[in-house]
Each structure stands twice: as structure tokens, then as C-alpha cells.
Amino acid sequence: MPAPASAPNPRGAAIPTAFFDRDASTVARALIGTELRVDGVGGIIVETEAYDTTDPASHSFKGATPRNAAMFGPPGRAYVYRSYGIHWCLNFVCEGEGVGSAVLIRAIEPTIGIAEMARRRGMADARRLCSGPGRLCQALGIDGSVNHARIDRPPFDLFEAAHRQPIAAGPRIGITRGTDLPWRYSAKGSKFLSRPQ
DNA sequence: TTCTCGATTACCT
DNA sequence: GGTAATCGAGAAT
């Protein structure tokens, strides 16, 4: 069938699974500025954290378990876990099958489907809609049902960054071990971070 | 089988 | 600045 004559895609190209065949820190940095959608709702990733099997703060540090099985599965898939019995947290698996590294998505700048996100969150403040791993999962409707799901297939859409931008790095948040590793990355100056970098 | 605590958030003083 | 909410993985018993 003929391709529709449309204007150039304002987004970048769709990101392939091979994008994730690198170490978690590299992927975490590369994800800043990309556009994530879940069922057509989402925005620009502005904050990530890297975790790998050498890292005492990582769920994969002590080896594979039923809970973290997705982390040891193929790269380019989602690892979703429940935090504090209340929240869901979204990770993208990296590096290679059996390696146990992943990137935690911590914050998104909402751009698409803001009304739907506000409805799910029960509030309208754009700055707090997706500024934290638990918050963005609630806004995007993510739960354990997408654990292991491919990121290049529905309900996910992930597009390359439209523009390059400065990236800040620093220590991660909410952990008690591995606090010396500067594996938190963020879009410099973004107003949509879970905490200022 | 029981206990502890977390890659968090919202609401309290 | 402090803490309740809430549940399952992993450790301890």
C-alpha cells in the first residue's frame, strides 16, 4: 500500500531492540531526551538510573530470582516490579541475556495525553505528573502485566531524541548501597525531575 | 513459618 | 522534617 504523503516525522525514528545491547550506564545516558509512550500516552524521558550485577544496590546483585527474572532476560524488554507494596517501577533491560543490567526510568516530561495522565494521577500539576518512578507508572498505566514485554512493540513506543541536550550525572536516589556510583542521569535544568540534580 | 525492610509517595506537624 | 500505607522477596528461625 502506498505510503501517505505526510510531513517529516517531528519525532526521531523508532528505537530498535539493539539500542539496549550496551551497558546500563551508556543506555541510561542515551535514553535522556527520547520519547516514551504507553498506549499513546507519555512524553520525554528526563531522568534515568543505571543498575547492573556488580552493583550492590541492584536487584540483580545476588543473582536471578523469580522477581528479577526479567532483568536476566533479553535486552530491550521491560522489567516492572512493585516497590514498597504500593508503587510500580519501570526498567528497561540492557546489555545481554543473562547479564542482569537495567535502566530505571525515574521521570518523564509529559507531552502527550496529559489529560489522561492527570485523570489517572488524580491531580493536574504537570510538574508532578511523572516526576518519580512510582508516579510515572501510575500516569502511564503501567503495572506488572507488562513485565517482560518488548519495548519495540505495543503498548510501548520509544522514539529517538529530537534534539541533543546537556546531560547531568550524579548519585542515585533512595538506595543505601552503591551510593558512590554516579549512575543517575538527567536532562540538565529540567523542571520535571523527581529531585533537582 | 515468621520477620524485616525496600530503586516510593502522600500527607502529617 | 517525620511517618503511615502495603506486600512480597529474601533472610532468619
Side-chain angles (χ1 to χ4, degrees), chain A residues 20 23-32 34 36 38 43 45-73 75-95 99-110 117-149 151 167-187 190-197:
Chain A
F20 295 95
D23 68 272
S25 286
T26 300
V27 175
R29 175 178 280 269
L31 280 171
I32 300 298
T34 63
L36 173 67
V38 181
I45 295 177
V46 294
E47 183 180 346
T48 59
E49 284 179 359
Y51 290 87
D52 77 21
T53 192
T54 67
D55 164 19
S58 173
H59 289 173
S60 61
F61 183 63
K62 294 179 179 175
T65 66
R67 179 205 199 190
N68 66 20
M71 270 189 95
F72 290 88
R77 303 210 183 198
Y79 164 45
V80 180
Y81 70 90
R82 210 196 254 290
S83 175
Y84 290 86
I86 305 167
H87 310 289
W88 295 101
C89 293
L90 172 67
N91 297 250
F92 292 161
V93 180
C94 300
E95 204 157 340
V99 175
S101 79
V103 173
L104 171 69
I105 310 302
R106 285 194 59 88
I108 285 174
E109 176 179 342
M117 289 189 268
R119 186 187 66 76
R120 289 169 175 160
R121 293 271 295 118
M123 51 88 85
D125 180 357
R127 284 203 192 190
R128 294 184 178 177
L129 224 40
C130 301
S131 58
R135 291 169 175 174
L136 77 87
C137 281
Q138 185 181 21
L140 270 49
I142 291 170
D143 63 22
S145 68
V146 294
N147 195 24
H148 295 281
I151 297 158
I167 294 174
R172 294 168 295 178
I173 294 175
I175 54 172
T176 56
R177 290 166 295 181
T179 52
D180 53 320
L181 299 171
W183 285 358
R184 175 184 180 225
Y185 300 96
S186 66
S190 173
K191 296 168 182 168
F192 299 91
L193 307 183
S194 62
R195 286 190 53 186
Q197 182 76 276

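FYI, side chains are in, hydrogens and waters are out, and symmetry mates aren't considered; it's all heavy atoms of this structure. In what follows, chains are A, B, ... by sequence order, proteins preceding strands, each numbered from 1.
A:Glu47 places its CD atom 10 Å from the P atom of B:dT8, with the value rounded to the nearest Å. Nucleotide B:dT8 holds its P atom 16 Å from the CD1 atom of A:Ile142, rounded to whole Å. Whole-Å rounding puts the A:Gln138 CD to C:dA5 C1' distance at 14 Å. What separates CZ of A:Arg120 from P of B:dA10 is a distance of 16 Å, to the nearest Å.
Rounded to whole Å, the separation between the P atoms of B:dA7 and C:dG1 comes to 22 Å.
Note: A:Ile108 CD1 to A:Ser190 OG = 11.0 Å, rounded to the nearest 0.5 Å.
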Short heteroatom pairs, N/O only, protein and nucleotides 7-11 of chain C, under 3.5 Å:
| residue | atom | partner | partner atom | Å |
| --- | --- | --- | --- | --- |
| C:dG10 | OP1 | A:Thr65 | OG1 | 2.8 |

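Remark: the A:Arg120 side chain and the A:Gln138 side chain contain no N/O donor-acceptor pair separated by less than 3.5 Å. Remark: the A:Ser194 side chain and the A:Glu47 side chain contain an N/O donor-acceptor pair separated by less than 3.5 Å.
Residue ring and nucleobase are not stacked for A:Tyr81 and B:dA7 under a centre distance beneath 5.5 angstrom and an angle between planes beneath 30°.
Between the A:Glu49 side chain and the A:Ile173 main chain, a donor and an acceptor come within less than 3.5 Å of each other. In this structure, the side chain of A:Arg29 does not engage the main chain of A:Ala169 through any donor-acceptor pair within 3.5 Å.
Taken together, the paired segments of DNA chain B that extend over three or more consecutive Watson-Crick or G-U pairs, each closer than 3.5 Å at both contacts, are B:1-6 with C:7-12, B:8-12 with C:1-5.
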